[in-house]
2 protein chains.
Amino acid sequence: MASITDVAKHAGVSVTTVSKVINNYTDVSEKTRKKVNESIRLLRYEPNVVARGLVKKRSWTIGILLHNIMTNPFVSEMMSGMQKALASSGYDLLHLSANFNDPDYSVIRHCSSRNVDGMVVFGIGRDNKIPMDLVKAELPTMFVDTDLIGRRAGYITADNRNGILTVMEHLYNLGHRKIAFVSGYLGYVAGRTRFEGYQQGLRQFQLPYYSNYVEISNFDMAGGYNAMQNLLKLPDRPTAVVCTSDVMALGVMNAVTDAGLGVPGDISVVGFDNTAFASIVKPGLTTVSQNIFSIGERVIHQLIELVENPDYSPPVLVEPVELIIRESTSAPR
Amino acid sequence: MASITDVAKHAGVSVTTVSKVINNYTDVSEKTRKKVNESIRLLRYEPNVVARGLVKKRSWTIGILLHNIMTNPFVSEMMSGMQKALASSGYDLLHLSANFNDPDYSVIRHCSSRNVDGMVVFGIGRDNKIPMDLVKAELPTMFVDTDLIGRRAGYITADNRNGILTVMEHLYNLGHRKIAFVSGYLGYVAGRTRFEGYQQGLRQFQLPYYSNYVEISNFDMAGGYNAMQNLLKLPDRPTAVVCTSDVMALGVMNAVTDAGLGVPGDISVVGFDNTAFASIVKPGLTTVSQNIFSIGERVIHQLIELVENPDYSPPVLVEPVELIIRESTSAPR
DNA sequence: TTGTACGCGTTATCAT
DNA sequence: ATGATAACGCGTACAA
């Protein structure tokens, strides 16, 4: 690949002049500009980002750290959104290969070694030191689903609270008064805010809070199944179950069916995420749809803004969600 | 972040000596080595990959080009495999932001501008010029599911042919003699080799080939649904349907059910991919499982080998698959 | 065994 | 308007 020197020689000018043309400096005559551009075209020259980065101490690279990719159904959707936002932005996405088990792995060293301009962090909670390291180092960072902010760090998350609130409203309007809540571990923001939505919903509709109606279990089908089995044992069992994920909701539905009961006839079930399952399962699962694609897009837009503008105030973004009503919810018997 | 100069000053040696220590040269005394390493530790020094890359014309970066991420259910699984293989390899994965619509986008320019060491290409077929550009430029490349090879390019794909062949054997042993084939577009290797497996299976068991039993449709649920509707109209309808994807199989199953027939009672249905759906749907879907995680791992291992060894012969890898038997197949009536 | 000098491809500064 | 020169952080041939 031709270098800037080749172009300079070919055009009969200095390297400096070529650089000026590339970077749209004004102090170069139209005539030389044309000549240089012609040489660039002929030699199929492309500036070397690495060399440029060395002097500018930048890389036009957004680093990303993904943990537990496989267990998260949204990775591909989020990446699609990011890909769209990155297209023709001049930035590429650098998937950092981190060994999360290595105790002396340092994101900061990794990033500065590669001159990474900004970071996206997804699936890594506060229990890990990485987020705080990023915040302290004041490297431009956007967290997804981790409510951490700093001088150069913001975050984005779906509007979990309102999502569950809408679910509660939907169920209340159908006539449900005995509504249970099935969730995975509450340590992450997503879980916590969804639980808050549940509690707020109860208050709003003046329903009592029964701790027996709250089941914290594994964040998968089996977790949902077990949780529902417990709920079915209750003397005054709920007529509706709100789950914090579609997979848990599937487990719940199976438990209901296996107990000889029907969904939604005996018990209404609601999921969260609107994964592909939700529309395929029978009965179709009422659930909350988060626009992950949009989250991916916005993360990148915000991050680039943060990178390029030192005074940009790190945003806290809450992405709206939407209730998708299908067949798994109806009025109670 | 401290630079190599800082370390040299701190240790009271020249920059060269520090460099030699970093790169494990033998011509440095144990004493100075210790001294230098101590300084490195104290200053939390990390060599700058960008500067190093400028000198060595490398980047310790594997570029990846993903097209249509969202429509492919395997991205996250493959990326997990790649992530595992990349951990502690020293390489990071650079997700190239390509504008596929831009006619004068050039992978080669993009790669050489960033000194990308090798490329992984996934979801981009021969109808695009990108793969051939890579082959011609002799940039170390591994294609996934695109059977293209070159002096520095190889590919990896699941053993689609044997996968379908195993399915045919399974159905034949159950007693099926009228076996239909439902597939998406046959332009890609995956589709083509699966079709070859179907044909080979027919020959192997001395079954006739009926073109009416072959339905090419859209690669989604609706496609499967429509295909099955056509098959149901046949005077001598099949007793088993082999699909080239789980989603198409779901569509097929729905069409069977909607026609008042049963799976597997009236018609056995087989999918491909063993996506999460397969085990959740009722009846559970008999399908072929590809080990995408392993494909991801192997792609990276091979590519790194290719990058670091100029004489390494580009591999053609076929990843074994496994038949997962569930409830959607049984002996015909 | 250690260090000097140069080059990698680019941009910034300053002189012309 | 143009160019010579230094610098970015590092690797290496060669000299000492």
Side-chain angles (χ1 to χ4, degrees), chain A residues 1-37 39-40 43-61 90 108-117 308, chain B residues 1-37 39-40 43-61 90 108-117 308:
Chain A
M1 175 68 64
S3 81
I4 197 173
T5 316
D6 302 326
V7 176
K9 278 179 188 155
H10 186 274
V13 297
S14 76
V15 168
T16 308
T17 303
V18 177
S19 176
K20 285 179 176 174
V21 170
I22 296 169
N23 297 290
N24 290 316
Y25 279 53
T26 50
D27 60 344
V28 44
S29 72
E30 206 44 48
K31 201 177 130 202
T32 30
R33 185 182 301 277
K34 268 211 168 129
K35 196 169 53 182
V36 170
N37 276 325
S39 299
I40 289 178
L43 300 180
R44 310 189 119 270
Y45 165 73
E46 181 87 21
N48 186 297
V49 178
V50 175
R52 176 180 288 171
L54 186 59
V55 24
K56 305 264 281 189
K57 291 181 183 300
R58 295 210 25 205
S59 63
W60 290 268
T61 268
I108 305 307
R109 288 224 295 277
H110 196 163
C111 287
S112 81
S113 158
R114 288 207 179 261
N115 292 4
V116 165
D117 297 330
E308 300 188 341
Chain B
M1 175 69 63
S3 80
I4 196 173
T5 316
D6 301 326
V7 176
K9 278 178 189 154
H10 187 273
V13 297
S14 76
V15 168
T16 309
T17 305
V18 178
S19 176
K20 284 179 175 173
V21 170
I22 296 169
N23 297 291
N24 288 318
Y25 278 53
T26 49
D27 60 346
V28 43
S29 71
E30 204 46 48
K31 201 178 127 202
T32 26
R33 185 183 301 278
K34 267 211 170 130
K35 196 168 54 182
V36 170
N37 276 325
S39 299
I40 288 179
L43 300 180
R44 313 190 119 270
Y45 166 73
E46 182 85 20
N48 185 296
V49 178
V50 175
R52 178 181 285 170
L54 186 59
V55 174
K56 307 264 282 189
K57 292 180 183 298
R58 294 206 30 202
S59 63
W60 289 270
T61 268
I108 305 307
R109 288 224 296 276
H110 196 163
C111 286
S112 82
S113 158
R114 288 207 179 260
N115 292 5
V116 165
D117 297 330
E308 299 188 342

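So you know, we letter chains A, B, ... as the sequences are listed, proteins then strands, and number each from 1.
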Q) Is it true that a side-chain atom of A/Asp6 and a backbone atom of A/Ser3 form a donor plus acceptor pair closer than 3.5 Å? A) yes
Look at the side-chain N and O atoms of [X] and state whether any lies under 4.0 Å from the OP1 or OP2 oxygen of [N].
{"X": "B/Ser29", "N": "C/dT2", "answer": "yes"}
{"X": "B/Lys56", "N": "D/dT12", "answer": "yes"}
{"X": "A/Lys31", "N": "D/dA1", "answer": "no"}
{"X": "A/Tyr45", "N": "C/dG9", "answer": "no"}
{"X": "B/Ser19", "N": "D/dG11", "answer": "yes"}

Have a look at [X] and say if it touches a base, only the backbone sugar-phosphate, or nothing, with a 4.0 Å heavy-atom cut-off.
{"X": "A/Asn48", "answer": "sugar-phosphate"}
{"X": "B/Val55", "answer": "base"}
{"X": "B/Val13", "answer": "sugar-phosphate"}

Distance, rounded to the nearest Å, where [X] contributes [atom1] and [N] contributes [atom2]:
{"X": "A/Leu54", "N": "D/dA7", "atom1": "CG", "atom2": "P", "answer": "14 Å"}
{"X": "A/Lys9", "N": "C/dT10", "atom1": "NZ", "atom2": "P", "answer": "13 Å"}
{"X": "A/Trp60", "N": "C/dT10", "atom1": "CH2", "atom2": "P", "answer": "12 Å"}
{"X": "A/Arg52", "N": "C/dG9", "atom1": "CZ", "atom2": "C1'", "answer": "10 Å"}
{"X": "B/Tyr25", "N": "C/dG3", "atom1": "OH", "atom2": "C1'", "answer": "14 Å"}
{"X": "B/Lys34", "N": "C/dT1", "atom1": "NZ", "atom2": "P", "answer": "16 Å"}
{"X": "B/Glu30", "N": "C/dT2", "atom1": "CD", "atom2": "P", "answer": "11 Å"}
{"X": "B/Asp27", "N": "C/dT1", "atom1": "CG", "atom2": "P", "answer": "7 Å"}

Exercise: identify the closest heavy-atom pair between [X] and [Y]:
{"X": "A/Val15", "Y": "A/Thr5", "result": "CG2-CA, 4.1 Å"}
{"X": "B/Pro47", "Y": "B/Arg52", "result": "CB-NH2, 3.4 Å"}
{"X": "B/His10", "Y": "B/Ser39", "result": "ND1-OG, 2.8 Å"}

Does [X] get its side chain close enough to the base of [N], under 3.5 Å, for a donor-acceptor pair?
{"X": "A/Thr17", "N": "D/dA1", "answer": "no"}
{"X": "B/Lys20", "N": "C/dG3", "answer": "yes"}
{"X": "B/Thr16", "N": "C/dT4", "answer": "yes"}

Q | Passing option when A/Glu46 is tested against B/Arg109, B/Arg114, B/His110 for side-chain hydrogen bond (donor to acceptor under 3.5 Å, both in side chains) | A | B/Arg109
